[in-house]
Amino acid sequence: MPFRFFCRLLGMVLCSTALTVYFVFYSIGTVVVTTLACWLLLQLAYFASVLFLIWQSGSVSRAGQRPEHFGSCKEVGSEPPDLDEATNESADLLQRDQMVAMSLLLP
């Protein structure tokens with residue numbers, strides 16, 4: 001999901017929550033508390049989803065499955081790499097994916 005789209009969606013959810021609470025309770029204090037609670041809940045859900053993606057990528061690597069690359073070697077007309085090259089490349093890709101996932105956790 002693009003960052004701009006995420007920010008717009010987050011803003012729409014928080015504004016709609018604030019407007020709904022205001023028209024139900026007619027209290028600015030309740031609006032502020034409820035909007036902050038909603039914002040915190042959304043942040044926790046985002047953090048949990050990133051942790052789930054990291055856990056899921058780790059369980060795939062332990063199962064011995066290798067990620068598929070851009071098609072098979074037969075389509076390009078080259079010979080398949082030997083097992084050591086494929087293992088090293090898979091480990092590099094997994095490490096890169098984990099680094100990207102960890103960078104999402106940083107502010």
Side-chain angles (χ1 to χ4, degrees):
M1 175 184 315
F3 184 69
R4 253 186 203 183
F5 181 70
F6 172 76
C7 286
R8 287 180 185 165
L9 186 64
L10 181 65
M12 286 178 21
V13 167
L14 292 177
C15 287
S16 65
T17 302
L19 287 173
T20 303
V21 169
Y22 181 74
F23 287 124
V24 169
F25 295 109
Y26 296 107
S27 169
I28 297 294
T30 307
V31 168
V32 170
V33 170
T34 307
T35 305
L36 288 176
C38 181
W39 177 78
L40 181 64
L41 182 65
L42 289 171
Q43 292 297 317
L44 288 174
Y46 176 74
F47 183 71
S49 66
V50 169
L51 286 179
F52 174 75
L53 289 174
I54 293 170
W55 172 78
Q56 187 180 17
S57 70
S59 65
V60 167
S61 68
R62 281 191 297 265
Q65 299 174 353
R66 290 189 211 129
E68 277 295 318
H69 300 290
F70 302 103
S72 68
C73 295
K74 294 176 185 176
E75 292 176 4
V76 235
S78 66
E79 294 183 17
D82 61 349
L83 184 60
D84 290 335
E85 289 179 20
T87 304
N88 290 340
E89 189 173 337
S90 296
D92 291 343
L93 286 174
L94 178 63
Q95 185 177 15
R96 181 187 56 115
D97 290 344
Q98 288 175 346
M99 293 296 288
V100 168
M102 291 301 287
S103 69
L104 292 175
L105 293 174
L106 299 174

> Once the angle between the rings of Y26 and Y22 is folded into 0 to 90°, is it parallel (under 30°), tilted (30 to 60°) or perpendicular (over 60°)?
Replying inline: perpendicular

> What residues form a ring pair (Phe, Tyr, Trp, His ring centres under 6.0 Å) with F25, not counting sequence neighbours?
Replying inline: none

> L41: which other cluster members, linking ILVMFWY side chains closer than 4.5 Å, directly or transitively?
Replying inline: none

> Side chains of L36 and V32: closer than 4.5 Å at any heavy-atom pair?
Replying inline: yes

>> For V21, run the side-chain contact (heavy atoms from CB on, under 4.5 Å) check against I28, V33, T35, T30 and tell me which one passes.
In response: T30

Using a 3.5 Å cut-off and no angle test, enumerate the donor-acceptor pairs between side-chain atoms of residues 3-20 and protein atoms at least two apart in sequence or in another chain.
residue : atom : partner : partner atom : Å
S16     : OG   : M12     : O            : 3.0
S16     : OG   : V13     : O            : 2.9
T17     : OG1  : V13     : O            : 2.8
T20     : OG1  : S16     : O            : 2.7

